[in-house]
Amino acid sequence: QVQLVESGGGLVQTGDSLTLSCAASGRTFSDYDMAWFRQAPGREREFVAAITRFGRNTYFADSVKGRSGISRDYDNSMYLDMNSLRPEDTAVYYCAARGGPENFYSFAIAEEYPYWGQGTQVSVSS
């Protein structure tokens, strides 16, 4: 039973910080790329950040670059640190993972990730 479970979402105000967590179970994900995507109502799912297998590389969307951090533990947990939050950050945030051959170009493509969590809501008020 492969499972990804997000947590840490909630209601915050503009300028606040928040840390999202993703707990993976059912298999070892250390050799899997992992990423965060988000989806606001009426919007398509968009890439937020990624951390590749063994934490070798990190990537960020322009919308969060400079105010977010991504990290992972060796026990299958992954984290997204969000700072200077804005109302535009309001969305359901999803944890995703992918295995297979190493790929340095498709980390921001949702279709590349076969494993997904159920999502955690982040709401940023003005």
Side-chain angles (χ1 to χ4, degrees):
Q1 47 182 38
V2 174
Q3 188 176 32
L4 301 177
V5 180
E6 303 94 336
S7 62
L11 176 62
V12 297
Q13 296 190 36
T14 297
D16 283 355
S17 298
L18 200 64
T19 297
L20 304 182
S21 300
C22 174
S25 62
R27 65 153 295 135
T28 299
F29 284 87
S30 58
D31 59 343
Y32 274 53
D33 299 331
M34 301 188 75
W36 290 95
F37 290 80
R38 67 186 182 186
Q39 187 167 25
R43 305 290 297 276
E44 64 182 29
R45 191 165 299 188
E46 66 174 351
F47 169 76
V48 178
I51 183 165
T52 59
R53 56 202 68 190
F54 305 109
R56 291 170 178 170
N57 298 96
T58 59
Y59 304 92
F60 299 92
D62 289 340
S63 58
V64 302
K65 189 177 299 181
R67 60 188 184 93
S68 296
I70 189 168
S71 60
R72 63 192 298 171
D73 292 338
Y74 301 109
D75 61 348
N76 284 358
S77 295
M78 181 184 62
Y79 309 92
L80 178 68
D81 299 314
M82 306 176 68
N83 304 294
S84 301
L85 286 163
R86 313 160 181 169
E88 308 92 89
D89 294 318
T90 296
V92 176
Y93 284 70
Y94 296 91
C95 171
R98 70 173 184 181
E102 195 164 23
N103 192 320
F104 299 106
Y105 305 100
S106 60
F107 54 84
I109 302 176
E111 289 75 14
E112 290 289 313
Y113 294 83
Y115 301 103
W116 292 85
Q118 84 290 345
T120 184
Q121 176 71 49
V122 173
S123 298
V124 185
S125 63
S126 59

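The distance from the CG atom of Leu80 to the CD1 atom of Ile70 is 6.0 Å, given to the nearest 0.5 Å. The CE atom of Met34 sits 14.5 Å away from the OG1 atom of Thr58 when rounded to the nearest 0.5 Å. Here the CG-OG distance, from Asn76 to Ser25, works out to 8.0 Å after rounding to the nearest 0.5 Å. Rounding to the nearest 0.5 Å gives a distance of 4.5 Å between SG of Cys22 and CG of Leu4. To the nearest 0.5 Å, the span separating OG on Ser68 from CG on Leu85 amounts to 7.5 Å. Taking CZ of Arg38 as the start and CZ of Arg45 as the end, the distance is 13.0 Å to the nearest 0.5 Å.
Residues Tyr79 and Asp73 have side chains in contact (heavy-atom distance under 4.5 Å, counting atoms from C-beta outward). Contact of the Trp116 side chain with the Cys95 side chain is not registered, since no non-hydrogen atoms from C-beta on lie closer than 4.5 Å. Looking only at side-chain heavy atoms (C-beta outward), Phe54 and Asp31 come within less than 4.5 Å of each other. A heavy-atom distance below 4.5 Å is found between the side chains of Thr90 and Gln121. Looking only at side-chain heavy atoms (C-beta outward), Phe107 and Glu112 stay at 4.5 Å or farther from each other.
Under the 3.5 Å distance criterion, with hydrogens and angles disregarded, no donor-acceptor pair is assigned to the side chains of Thr52 and Asp33.
Nearest heavy atom pair, residue Ser84 against residue Ser17, reads N-OG, 4.3 Å. Looking at every heavy atom in both residues, Ser77 comes nearest to Ala23 through OG-CA, 4.5 Å. The two residues Arg43 and Gln39 have their closest heavy-atom pair at O-NE2, 3.0 Å. Minimum heavy-atom separation, Phe29 to Ala24: CD1-CB, 3.5 Å. When all heavy atoms are compared, the tightest approach of Pro87 to Ser126 is CG-CB, 4.1 Å.
Note on Leu18 and Val5: separate hydrophobic clusters, where clusters join Ile, Leu, Val, Met, Phe, Trp and Tyr whose side-chain heavy atoms are under 4.5 Å apart, directly or indirectly. With hydrophobic clusters built from ILVMFWY side chains whose heavy atoms lie under 4.5 angstrom apart, Val64 shares a cluster with Val12. The hydrophobic clustering, which links ILVMFWY residues whose side-chain heavy atoms are closer than 4.5 Å, places Tyr59 and Met82 apart. Follow the hydrophobic side-chain contacts under 4.5 Å out from Leu20 and you reach Tyr115 in the same cluster.
Both cation-pi conditions hold for Arg98 and Tyr113: the charged atom is under 6.0 angstrom from the six-membered ring centre and inside a 45 degree cone around its axis.
Salt bridge status for Arg86 with Asp89: absent, with no side-chain N to carboxylate O gap under 4.0 Å.
Every residue two or more places apart in sequence or in another chain was checked for a side chain to side chain donor-acceptor pair (under 3.5 Å) with Arg72, and none qualifies. Considering only residues two or more places apart in sequence or on other chains, Thr14 meets the side chain to side chain donor-acceptor pair (under 3.5 Å) condition with none of them. Partners of Asp16 by side chain to side chain donor-acceptor pair (under 3.5 Å), not counting sequence neighbours: none found.
Residue Glu44 places its CD atom among 12 or fewer non-hydrogen atoms of other residues, nucleotides or ligands, all under 6.0 Å distant.
Taking the six-membered ring where tryptophan is involved, the planes of Phe47 and Phe37 are perpendicular, since the angle between them exceeds 60° and thus also 30°.
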Evaluation steps, side-chain contact (heavy atoms from CB on, under 4.5 Å), between Glu6 and Tyr93: CA-CA 8 Å; Glu6 303 94 336; Tyr93 284 70; over 6 Å; no
